[in-house]
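Read the structure below first, then the notes.
Keep in mind that this is a model prediction, so the values were computed, not measured.
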Amino acid sequence: QLQLVESGGGLVQPGGSLRLSCAASTFIVDDYAIGWFRQAPGKEREEISCISRSGGSSNYADTVKGRFTTSRDNAKKTVFLDMTSLKPEDTAVYYCAAVYSDSDNEAKCDNGMNYWGIGTLVTVSS
């Protein structure tokens, strides 16, 4: 069983930056690609990034491309989401999720995830 815990959410002003962390409970996290998702009030959940199990490949939704960066430190069992130039429309609950992968460099998180964290709230407001 893989448990994921997000942290780092909070209130930030427009234009500001925030780093989210996703800590995994087991060393087998390096068998999993990790995705970041978000859900704003009244909206569908959105996949915003995915990183391969090695960290060598990642992809992003158009809504965050160029502003958000995902990375991972498998030795520390942690995946990060660095968010810059934040906008009010980035306000949402952010979740990390894991999907088993048999490829070191395939970042594919759009076909169902095996494990989910409980989420962390990011509020972008002045």
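Judged purely by atom type and a 3.5 angstrom limit, T63 has no side-chain atom pairing as donor or acceptor with the backbone of A61. Between the side chain of S54 and the main chain of D104, a donor-acceptor pair closer than 3.5 Å is present. Between the N74 side chain and the K77 main chain, no donor and acceptor come within less than 3.5 Å of each other. Using a distance-only test at 3.5 Å, with no hydrogens or angles considered, no donor-acceptor pair links the side chain of T70 to the main chain of L81. At least one donor-acceptor pair closer than 3.5 Å links the side chain of T91 to the backbone N or O of V124.
Rounded to the nearest 0.5 angstrom, M113 CE and Y32 OH are separated by 10.5 Å. In this structure, Q39 CD and E44 CD are separated by 7.5 Å, a value rounded to the nearest 0.5 Å. To the nearest 0.5 Å, the span separating OG1 on T69 from CZ on F80 amounts to 13.0 Å.
Residues W36 and C22 are in side-chain contact: their nearest non-hydrogen atoms beyond the backbone lie under 4.5 Å apart. Under the 4.5 Å side-chain criterion, counting only non-hydrogen atoms from C-beta, S52 is not in contact with S101. Between V5 and I118, the closest side-chain pair of non-hydrogen atoms is not below 4.5 Å.
Linking ILVMFWY side-chain heavy atoms closer than 4.5 Å, directly or via other members, places I48 and L18 in a single hydrophobic cluster. V64 and L20 fall within a single hydrophobic cluster, where Ile, Leu, Val, Met, Phe, Trp and Tyr side chains are chained together by heavy-atom contacts under 4.5 Å. The same ILVMFWY cluster, assembled from side-chain heavy atoms under 4.5 Å apart, contains both L2 and I51. Cluster membership check: V93 does not share its hydrophobic cluster with M83, using side-chain heavy-atom separations under 4.5 Å among Ile, Leu, Val, Met, Phe, Trp and Tyr. One hydrophobic cluster holds both L86 and Y60 under the rule that ILVMFWY side chains link at heavy-atom gaps under 4.5 Å.
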Item to check | Criterion side-chain contact (heavy atoms from CB on, under 4.5 Å) on R53 and V29, from CA distance to verdict | outcome: CA-CA 8 Å; R53 68 184 199 182; V29 67; over 6 Å; no

Next on the checklist: Is there a side-chain contact (heavy atoms from CB on, under 4.5 Å) between V99 and K108? Walk through the geometry before answering.
Outcome noted: CA-CA 8 Å; V99 59; K108 183 172 177 62; over 6 Å; no

Item to check | Criterion salt bridge (Lys or Arg N to Asp or Glu O under 4.0 Å) on D62 and K65, from CA distance to verdict | outcome: CA-CA 5 Å; D62 288 343; K65 197 173 292 182; 3.2 Å; yes

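Checked by atom type, the side-chain pair S57/N105 shows no donor-acceptor distance below 3.5 Å.
Residue E89 qualifies as enclosed at atom CD: its count of foreign heavy atoms under 6.0 Å is above 12. L11 CG: more than 12 foreign heavy atoms inside a 6.0 Å radius.
Remark: D90 engages R67 in a salt bridge, criterion side-chain N to carboxylate O under 4.0 Å. Between R19 and D82 there is a salt bridge, since at least one side-chain N of the basic residue sits less than 4.0 Å from a carboxylate O of the acidic one.
The one candidate from Y95, W116, Y94 that meets the side-chain contact (heavy atoms from CB on, under 4.5 Å) condition with E6 is Y95.
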